[in-house]
Amino acid sequence: MDNSRAVYGIDLGTTYSCIAQVDKFDQAVVLRNFEGDATTPSAVYFEGPDRVVVGKEAKGMLPVEPDNTVVFVKREIGVDEAFDKSKNRFPHHYDPSEISAFILKKLVKDANDLGDNPEEIKDVVITCPAYFGTKERMQTKQAGEIAGLNVLAIINEPTAAAISYGVKTDQKKTVLVYDLGGGTFDVTIINVNGGAIKVIATGGDHHLGGVDWDTNLAEYMLSAFNAENGTSYTLDESPELKYTLLLEAELKKKQLTAKEKVRANIQYDGMQARIEITRDLFDSLTEGRLEETIDATRKVIEIAQQKGYNNIDEFLLVGGSSRMPQIKARLDREFGCDSKLTDPDECVAKGAAIYAMNAAYMQAVQDYEEGETDERPAPIRGDRTTVVNVTSKTYGTDVGQDEVSNLIFANTSLPCKVTETFTTTHDGQTGVTMKVFESDFTDPEADRVVKDKFCTMLEDKVLRLTKQWPKGTPIAVTFEIDQEGILSVNAYVDRDQIDFSLKIEGVKSEEELSKSRATISKATIE
């Protein structure tokens, strides 16, 4: 196997995760786990601080030991409280990046042990929701680094799905990717031209996914259980009951994909209830969740239209939760389309593997051209792809009076860089306060200056100037976002760069990363 194939794509999902590579037959294939499954539940059970179970067995421990079991940790990425070691609610105070690292290590361990890879898996591309901002992307990347992996890139899940789809067609199309996963939802409009992928617009909600459908059904089943037994339980008062109902709801949701009617048998505290659930009932219980995705889809279509993309040739359904019949029916009715379900569980990991192979090849070519290696790499035989992505968030800086000047807007093509000049306000000034904000504003004209209460502050620090400058000295501030959607900020006075390192809360320093890596490496993972 040449070096371009010694790379892997990982779909690090909220409810299920998956790893793939491009094989010797030029096919993107998923590597199965020890249980023989293509996907691994993103569940982590802690037998102790150094003994961890990941996957199906861990998920089964939810109703038994909920306090020692973690699910949906991806929803905690970017949540400051979850990264506070002294206060977070996770077993042994691991933070979300570290718990995600356990999931990654399980995927890699199984693939290493069961595959015919000549070397241990090291180089990977990891996917994330398109709606993730800089903090979430950096924390996702650090999860891979904590797991001991070399993260070549972070790419958006819908983009990876489009890569998997796009390499199979030589037609130029505008495609809407409706990606409803277990815990996140993205809608992305992409221009596909064979292996060339250009993202036009993206949006969504990384706190909306199939588990919310499960929760609605679980609440209904609990109400029926209470009515039959004369009880008044709530989901919040008993974790054991909560997860018993959620696991049953997930199972019944999947069964209703193929059946019009199912029965649930709920047993708890010596009582039981048999509950009939029809597909129509399930659809009515979850209608509000579905409408949230339709609203987000309309908004992204409007943004694409503003950019001149008025027609969508295909609607692709991605993510395991998009299997629900209500999804296709509602999309087709709303947008007059014939939406297609396309390899929903595996296409994201496969697309990431294709992207990884291309990234590795391009790096090998660059190393050769810069004299780092002696031989030009042989052209890759598999699918070629290029990607132009967009930023999912808007970024700006404080301009006083509780206002933010937005410099880079959501849905700007990546990479991008914008410089704006500010001035010192008094003579002899030795420093200037620098605040960096992230938001969901999308209109470059109407939202150029906004109130800071509608934004999330990523950084607040004082830039120390190189000497005492007179009032009105210009300070050039450059915001730059790379291909992965990660922001960096630099500031200059009279061409001298000011020492400024963007330190986002919850994103680890090199010292903290090393400590996390050492801690995770000691754990036994099954």
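What you see below is based on every heavy atom in this structure, not just the backbone, and it leaves out hydrogens, waters and symmetry mates.
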Taking the side chain as C-beta and beyond, is there a heavy-atom pair between [X] and [Y] under 4.5 Å?
X: L290; Y: W213; answer: yes
X: R323; Y: K254; answer: no
X: L176; Y: T297; answer: yes
X: S100; Y: T140; answer: no
X: T286; Y: D212; answer: no
X: I121; Y: I19; answer: yes
X: D447; Y: T394; answer: no
X: V22; Y: Q27; answer: no

Are more than 12 heavy atoms, taken from residues, nucleotides or ligands other than [X], located less than 6.0 Å from that residue's [atom1] atom?
X: E510; atom1: CD; answer: no
X: K340; atom1: NZ; answer: yes
X: E57; atom1: CD; answer: no

Has K350 got its NZ or CZ under 6.0 Å from the middle of the six-membered ring of Y165, at an angle within 45 degrees of the ring axis?
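Judged by the rule, K350 and Y165 form no cation-pi pair.
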Test side-chain hydrogen bond (donor to acceptor under 3.5 Å, both in side chains) applied to E291 - qualifying residues, sequence neighbours left out:
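Applying side-chain hydrogen bond (donor to acceptor under 3.5 Å, both in side chains) to E291 gives R330.
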Q.
Checking N310 now: which residues fulfil side-chain hydrogen bond (donor to acceptor under 3.5 Å, both in side chains) with it, not counting sequence neighbours?
A.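 Once residues adjacent in sequence are excluded, N310 has no partner under the side-chain hydrogen bond (donor to acceptor under 3.5 Å, both in side chains) criterion.
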Exercise. Run the numbers on F102 and Y94 for ring-ring contact (aromatic ring centres under 6.0 Å, His included), then give the verdict.
Key: CA-CA 10 Å; F102 283 124; Y94 284 111; 5.2 Å; yes
Please confirm whether the backbone N or O of [Y] pairs with a side-chain atom of [X], one donor and one acceptor, at under 3.5 Å?
X: E136; Y: G78; answer: no
X: E369; Y: Q366; answer: no
X: D332; Y: S339; answer: yes

Please list all pairs passing the salt bridge (charged side-chain N to carboxylate O under 4.0 Å, His left out) test where one or both residues lie in [range], with sequence neighbours left out.
range: residues 144-161; value: K74-E157
range: residues 28-39; value: D37-K56
range: residues 304-315; value: K173-E314
range: residues 178-191; value: none

task: Check side-chain contact (heavy atoms from CB on, under 4.5 Å) between A329 and all other residues, then give those that pass, not counting sequence neighbours.
output: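 With sequence neighbours excluded, A329 shows a side-chain contact (heavy atoms from CB on, under 4.5 Å) to no residue whatsoever.
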In chain order, what residues pass the side-chain contact (heavy atoms from CB on, under 4.5 Å) check against P325, with sequence neighbours excluded?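 P325: side-chain contact (heavy atoms from CB on, under 4.5 Å) contacts with T257, R279.
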- Task: With sequence neighbours excluded, give me every side-chain hydrogen bond (donor to acceptor under 3.5 Å, both in side chains) pair touching residues 104-113.
- Result: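 Every side-chain hydrogen bond (donor to acceptor under 3.5 Å, both in side chains) pair that includes a residue of residues 104-113, provided the two are not neighbours, is K106-D110.
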Note: [X]-[Y] ion pair, threshold 4.0 Å (strictly below):
X: K252; Y: D214; answer: no
X: K141; Y: E484; answer: yes
X: K59; Y: E250; answer: yes
X: D443; Y: R448; answer: no

Of the non-hydrogen atoms in A153 and Y355, which two are nearest, and what is the gap between them?
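That closest heavy-atom pairing would be CB-CE2, 3.9 Å.
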So, for S321 and G181, which heavy atoms are closest and what is the spacing to 0.1 Å?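 That would be OG-O, 3.2 Å.
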Checking [Y] against [X]: is there a side-chain donor and acceptor pair closer than 3.5 Å?
X: S42; Y: S17; value: yes
X: S439; Y: Y395; value: no
X: N389; Y: N156; value: yes

Report the residues that fulfil salt bridge (Lys or Arg N to Asp or Glu O under 4.0 Å) with R298, sequence neighbours left out, ordered by chain and then residue number.
->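 Salt bridge (Lys or Arg N to Asp or Glu O under 4.0 Å) check on R298 returns D295, E334.
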- Could you list all the ring pair (Phe, Tyr, Trp, His ring centres under 6.0 Å) pairs where at least one residue sits in residues 169-198, not counting sequence neighbours?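 Those involving residues 169-198 are Y178-F185.
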Sequence neighbours excluded, every pair satisfying ring pair (Phe, Tyr, Trp, His ring centres under 6.0 Å) that has a member inside residues 315-335
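Those involving residues 315-335 are F315-F335.
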Using side-chain hydrogen bond (donor to acceptor under 3.5 Å, both in side chains), reason through S516 and E98 one step at a time and then give a plain yes or no.
CA-CA 7 Å; S516 290; E98 293 166 338; 2.6 Å; yes
Can you measure from OG1 (T15) to CZ (R75) and round to the nearest 0.5 angstrom?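 If I round to the nearest 0.5 Å, the distance is 9.5 Å.
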